Asker: 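Quick one: the structure is below, and I'll ask about it shortly.
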Amino acid sequence: MTSAARVRFAPSPTGRTHIGGARTALYDYLLARQTGGQFILRIEDTDAKRRVPGAEQEILDSLRWLGLDWDEGPDVGGPCGPYRQSERRSVYHEHAQSLLRGGHAYYCFCSPERLTQMRQDQQKRKEPPRYDGRCRDLVPTEAQARVEQGESAVIRFRTPREGTTTAVDLLRGPITVENATIDDYVLLKSDGLPVYHLAVVVDDHLMGITHAIRGSEWLPTFPLHVLVARALGWSEPVWVHLSVFLNPSGKGKMSKRHAVDSKGSALSIYPLDLRDLGYLPEAVVNWLALMGWSYDDHTEVFSLSELVERFSLDRLHPSPAAVNFTKLDHFNGVHLRSLSPDDLTRRLTPLFVAQGLAVTNDSLRPVTPLLQERLRTLDEAVPMAGFFFRDEVHPEPEDLIIEALGASATAEVLRTTAARLGDAPEWTAEALEPLARSLAEERGLKPGQLFGAMRGAITGQRVSPPLFESMEIVGRSVCLDRLEAAARRINAT
RNA sequence: GCCCCCAUCGUCUAGUGGCCCAGGACGUGGCCCUCUCAAGGCCAAAACGGGGGUUCGAAACCCCCUGGGGGCACCA
């Protein structure tokens with residue numbers, strides 16, 4: 001085990017929180033918890049134009065739902081705050097000035113219009129678009145004077161023109177690029193706020209970040225970040241670039257519109273949607289953990305705390321992974337079944353209540369074991385077990401009528417069933433089943449034929465939890481009523 | 001166009017030169033169990049992208065190609 005790691009999840013509130021970000025946060029969390037370090041949440045909101053209302057809240061809600069609690073962040077504070085970059089202006093200003101003094105950066109007065117024009121011209125000439133360096137060699141004192149007179153300026157990094165830079169990624173090893181291919185990036189915008197390239201380096205350093213885990217979209221500018229850190233005289237964190245998620249087909253980057261499973265049902269790439277779709281946070285965590293990481297003994301089912309125990313950076317995989325919603329379903333089933341019945345009951349009750357059914361933990365509890373083996377997602381529970389709590393059921397005639405018998409004979413059999421069962425000394429599954437079986441035999445029916453009609457009558461469904469266990473819970477009088485009602489219903493058609 | 005990254009069954013992956021005519025999981029097909037649906041058990045089909053090297057020996061190391069992905073803003 002490594003020494004205490006300080007790890008941050010640094011999303012920007014510009015859209016919804018998706019599973020890619022959630023997986024990064026998961027790995028951050030696992031590393032922090034495993035090493036007894038800290039998990040820090042930092043909001044990268046330096047672009048006011050792209051800020052989306054509610055996005056920051058969704059970040060917090062998503063992490064909380066997944067069980068990834070943080071030690072320092074915008075809501076809980078901490079020793080390295082503020083944790084919202086928009087509130088750290090002076091910090092970036094100070095370090096930009098330091099780069100200026102050291103000759104590692106320079107003021108640039110070029111207008112956005114000129115820059116746009118320049119890029120267009122370059123593209124026309126099939127040249128790589130990049131800053132042409134017009135302000136790079138301005139006399140610093142003169143530039144300073146222009147700024148003091150109020151002229152609008154940005155601060156650019158003075159990337160070395162010669163040589164190469166080697167940046168080391170934990171998963172890929174050293175990545176060496178020609179400095180000439182690295183642009184003189186803007187570090188501080190004219191509004192005084194930093195651009196990502198300055199903000200990450202400064203904040204990671206100031207917040208004592210030991211491991212910077214982020215998406216691979218940062219790989220191209222990775223050497224720049226290394227250069228900025230060096231220019232500031234700082235040592236670097238361990239850099240870890242996670243690959244992106246691909247669509248289920250494996251072709252193309254994961255996107256909202258391709259979030260559809262193999263059976264064609266729409267799923268979502270947003271944790272909060274997954275929650276509303278009836279997935280367990282345990283399952284989502286397990287699923288996400290295995291997309292890019294594996295454990296060496298072939299185990300695949302993990303709880304969060306088991307992941308904390310076993311996670312290791314060196315088993316991270318650098319290649320892109322296609323999102324597989326079918327596997328999420330599998331993990332959800334596995335975790336659903338490993339919940340204690342009481343726990344499952346508590347998670348299910350609100351769903352029944354939301355459908356207007358008068359259900360309590362106590363009244364649902366006997367039903368839970370019948371559901372546990374069958375549920376794929378939590379929200380399948382109400383359609384599957386609502387009949388336990390409704391006053392009456394409305395079976396379709398075709399779910400009632402035994403084909404070999406026809407309508408009126410089926411109705412008669414159902415009445416006889418009610419009468420026969422009504423005499424049962426005990427209303428239990430054990431007592432009921434033999435009675436029903438012998439009746440079926442008497443009538444020359446296969447058990448399944450009779451049971452199917454009874455199922456329709458009692459549950460109103462073609463598919464249901466086991467019949468006799470269900471009947472035991474539903475109770476004698478309601479069952480007998482429903483059997484009679486079904487017989488009447490058949491005769492009425 | 002330029003730069004960077006990646007490459008084992010349909011998908012997630014194991015594999016760090018001989019234990020691999022490649023293992024596990026999901027999914028798929030079949031069988032068993034069975035009152036429906038599940039769950040469970042057993043079995044099966046299914047991959048090292050191509051070409052060159054290196055080596056006694058390559059899925060593993062190197063090169064090229066191909067394919068996929070990412071990036072080229074006063075966005076992150």
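No hydrogens, no waters, no symmetry mates; every other heavy atom, side chains included, goes into these values. Treat the numbers as computed from the prediction; the structure is a model and nothing was measured.
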Asker: With ring-ring contact (aromatic ring centres under 6.0 Å, His included) as the test, pick out the partner of A/W287 among A/F325, A/Y279, A/F245.
Answerer: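 In the set A/F325, A/Y279, A/F245, the residue that makes a ring-ring contact (aromatic ring centres under 6.0 Å, His included) with A/W287 is A/F325.
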Asker: Below 4.0 angstrom, N of the basic side chain to O of the carboxylate: do A/R88 and A/D45 qualify?
Answerer: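 Judged by the 4.0 Å cut-off on N to carboxylate O distance, A/R88 and A/D45 do not form a salt bridge.
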Asker: B/rC74, B/rU36, B/rA25: which one has an atom nearest the side-chain heavy atoms of A/R156?
Answerer: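 Selected nucleotide (nearest to the side chain): B/rC74.
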Asker: Within the sub-3.5 Å range, which N or O atoms of nucleotides 66-70 of chain B have a protein N or O partner, and how far apart are they?
Answerer:
| residue | atom | partner | partner atom | Å |
| --- | --- | --- | --- | --- |
| B/rG69 | OP1 | A/G252 | N | 3.2 |

Asker: What does A/P11 touch in the nucleic acid at a heavy-atom separation under 4.0 angstrom: a base, only the sugar-phosphate, or nothing?
Answerer: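 Here A/P11 touches no strand at all.
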Asker: Are any protein N/O atoms closer than 3.5 Å to N/O atoms in nucleotides 39-49 of chain B? If there are, list each pair with its distance.
Answerer:
| residue | atom | partner | partner atom | Å |
| --- | --- | --- | --- | --- |
| B/rA39 | O4' | A/E373 | O | 3.3 |
| B/rA39 | O3' | A/R337 | NH1 | 3.3 |
| B/rA39 | O2' | A/E373 | OE1 | 2.6 |

Asker: Of the nucleotides B/rC6, B/rA76, B/rC37, which has the atom closest to the A/R50 side chain?
Answerer: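 Nearest to the side chain of A/R50 among the choices is B/rA76.
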Asker: Quick one: label A/T46 by what it contacts on the DNA or RNA (base, sugar-phosphate, nothing), any heavy atom closer than 4.0 Å.
Answerer: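 Since only primed, P, OP1 and OP2 atoms lie under 4.0 Å of A/T46, the category is sugar-phosphate.
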Asker: Excluding sequence neighbours, so at least two apart, what forms ring-ring contact (aromatic ring centres under 6.0 Å, His included) with A/F352?
Answerer: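 For A/F352, the residues satisfying ring-ring contact (aromatic ring centres under 6.0 Å, His included) (neighbours in sequence not counted) are A/F389.
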Asker: So which of residues 52-60 of chain A are in contact with RNA chain B, with a heavy-atom cut-off of under 4.0 Å?
Answerer: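 Residues of residues 52-60 of chain A under 4.0 Å from RNA chain B: none.
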Asker: Please tell me which of the listed nucleotides, B/rG24, B/rC74, B/rC26, lies nearest to the side chain of A/E300?
Answerer: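 Nucleotide nearest to A/E300's side chain: B/rG24.
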Asker: Is the shortest side-chain N to carboxylate O distance from A/D343 to A/R347 below 4.0 Å?
Answerer: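 Yes.
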Asker: Side chain of A/A321, heavy atoms from C-beta onward: which of B/rC75, B/rC35, B/rC12 has the nearest atom to it?
Answerer: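 That would be B/rC12.
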Asker: What residues in residues 12-28 of chain A put a non-hydrogen atom under 4.0 Å from any atom of RNA chain B?
Answerer: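 Listed by number, they are A/S12.
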Asker: How is A/P465 classified with respect to the nucleic acid when contacts are heavy atoms under 4.0 Å: base, sugar-phosphate, or nothing?
Answerer: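 Base, at least one base atom sits under 4.0 Å.
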Asker: If you only use heavy atoms from C-beta on, which nucleotide in B/rC4, B/rU11, B/rC6 is closest to the side chain of A/N324?
Answerer: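 Between B/rC4, B/rU11, B/rC6, the one nearest the side chain of A/N324 would be B/rU11.
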Asker: Using 4.0 Å as the upper bound for N to carboxylate O, is an ion pair formed by A/R42 and A/D204?
Answerer: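 Looking at A/R42 together with A/D204, the answer is yes, because their closest N to O distance falls below 4.0 Å.
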Asker: Taking A/R8 first and then A/D28, would you say they form a salt bridge - that is, a charged N and a carboxylate O separated by under 4.0 Å?
Answerer: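 Answer for the salt bridge query: no.
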Asker: May I have all residue pairs that pass side-chain hydrogen bond (donor to acceptor under 3.5 Å, both in side chains) and include part of residues 117-126 of chain A, sequence neighbours excluded?
Answerer: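 Of all non-adjacent pairs touching residues 117-126 of chain A, those that pass side-chain hydrogen bond (donor to acceptor under 3.5 Å, both in side chains) are A/R125-A/E127.
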Asker: Can you tell me the pairing partner of B/rC33 across any strand shown, Watson-Crick or G-U wobble, with both distances under 3.5 angstrom?
Answerer: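 For B/rC33, the partner nucleotide comes out as none, under the 3.5 Å rule.
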Asker: So what does A/L290 touch, heavy atoms closer than 4.0 Å: a base, only the sugar-phosphate, or nothing?
Answerer: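 Sugar-phosphate only.
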Asker: Who pairs with A/E472 by salt bridge (charged side-chain N to carboxylate O under 4.0 Å, His left out), at least two apart in sequence or on another chain?
Answerer: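 Counting only residues at least two positions away or on another chain, A/E472 forms no salt bridge (charged side-chain N to carboxylate O under 4.0 Å, His left out).
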Asker: Do NZ/NE/NH1/NH2 and the carboxylate oxygens of A/R161 and A/E178 come within less than 4.0 Å?
Answerer: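 No, this pair does not count.
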Asker: Both A/P128 and A/Y185 contact RNA chain B. Which one's nearest nucleotide lies toward the 5' end?
Answerer: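 Going by which nucleotide is closer to the 5' end, it is A/P128.
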Asker: If you measure from the Lys or Arg side-chain nitrogens to the Asp or Glu carboxylate oxygens, is any gap between A/E441 and A/R443 under 4.0 Å?
Answerer: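 Between A/R443 and A/E441 there is no salt bridge, as every charged N stays at least 4.0 Å from the carboxylate O atoms.
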Asker: Between A/S294 and B/rA14, is there a contact of a side-chain N or O with OP1 or OP2 at under 4.0 Å?
Answerer: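 True: A/S294 side-chain N/O within range (under 4.0 Å) of B/rA14 OP1/OP2.
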Asker: Under the side-chain hydrogen bond (donor to acceptor under 3.5 Å, both in side chains) rule, collect the residues that match up with A/Y106, sequence neighbours excluded.
Answerer: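 A/Y106 satisfies side-chain hydrogen bond (donor to acceptor under 3.5 Å, both in side chains) with A/D184 only.
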Asker: Taking salt bridge (charged side-chain N to carboxylate O under 4.0 Å, His left out) as the definition, give me every residue that meets it alongside A/R437, ordered by chain and number, with sequence neighbours left out.
Answerer: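 Only A/E433 meet the salt bridge (charged side-chain N to carboxylate O under 4.0 Å, His left out) criterion with A/R437.
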Asker: A/R462: which residues meet the salt bridge (charged side-chain N to carboxylate O under 4.0 Å, His left out) condition with it, sequence neighbours left out?
Answerer: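 Testing A/R462 for salt bridge (charged side-chain N to carboxylate O under 4.0 Å, His left out), a comparison that skips the adjacent residues, returns A/D399.
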Asker: Could you check which of B/rC35, B/rC74, B/rA76 has an atom nearest any side-chain atom of A/P112?
Answerer: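 The nucleotide sitting nearest to the side chain is B/rC74.
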Asker: Applying salt bridge (charged side-chain N to carboxylate O under 4.0 Å, His left out), name anything that partners A/E373, two or more places apart in sequence or on another chain.
Answerer: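 Scan of A/E373 (salt bridge (charged side-chain N to carboxylate O under 4.0 Å, His left out), adjacent residues dropped) gives none.
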Asker: Look at the side chain of A/K189 and decide which nucleotide, out of B/rC5, B/rC75, B/rU36, has an atom nearest to it.
Answerer: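 So the side chain of A/K189 is nearest to B/rC75.
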Asker: For A/R315, which contact category applies under a 4.0 Å heavy-atom criterion: base, sugar-phosphate, or nothing?
Answerer: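 Sugar-phosphate contact only - A/R315 comes under 4.0 Å of backbone atoms but never of a base.
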Asker: Establish, with yes or no, whether the OP1 or OP2 oxygen of B/rC74 is under 4.0 angstrom from a side-chain nitrogen or oxygen of A/R119.
Answerer: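 Answer yes for this pair, as a side-chain N or O of A/R119 is under 4.0 Å from OP1 or OP2.
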Asker: Any side-chain N or O of A/R437 below 4.0 angstrom from OP1/OP2 of B/rC35?
Answerer: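 Checking A/R437 against B/rC35: at least one side-chain N or O falls below 4.0 Å of OP1 or OP2.
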Asker: Quick one: which of B/rA7, B/rC75, B/rC35 gets closest to the side chain of A/H317?
Answerer: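 Closest nucleotide among those given: B/rA7.
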Asker: Between B/rC3, B/rC72, B/rC75, which nucleotide gets closest to the side-chain atoms of A/P129?
Answerer: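 Output: B/rC72.
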Asker: If only side-chain N and O atoms of A/K49 are considered, is one of them under 4.0 Å from the OP1 or OP2 phosphate oxygen of B/rC75?
Answerer: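 Answer yes for this pair, as a side-chain N or O of A/K49 is under 4.0 Å from OP1 or OP2.
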Asker: Report the residues that fulfil ring-ring contact (aromatic ring centres under 6.0 Å, His included) with A/W427, sequence neighbours left out, ordered by chain and then residue number.
Answerer: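 So A/W427 forms no ring-ring contact (aromatic ring centres under 6.0 Å, His included) with any residue.
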Asker: Mapping A/V186 and A/L171 to their closest nucleotides on RNA chain B, which lands nearer the 5' end?
Answerer: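 Closest to the 5' end, via its nearest nucleotide, is A/L171.
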Asker: For the P atoms, the ones on B/rG68 and on B/rU55, what distance do you get once it is rounded to whole angstrom?
Answerer: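 After rounding to an integer number of Å, I get 34 Å for this pair.
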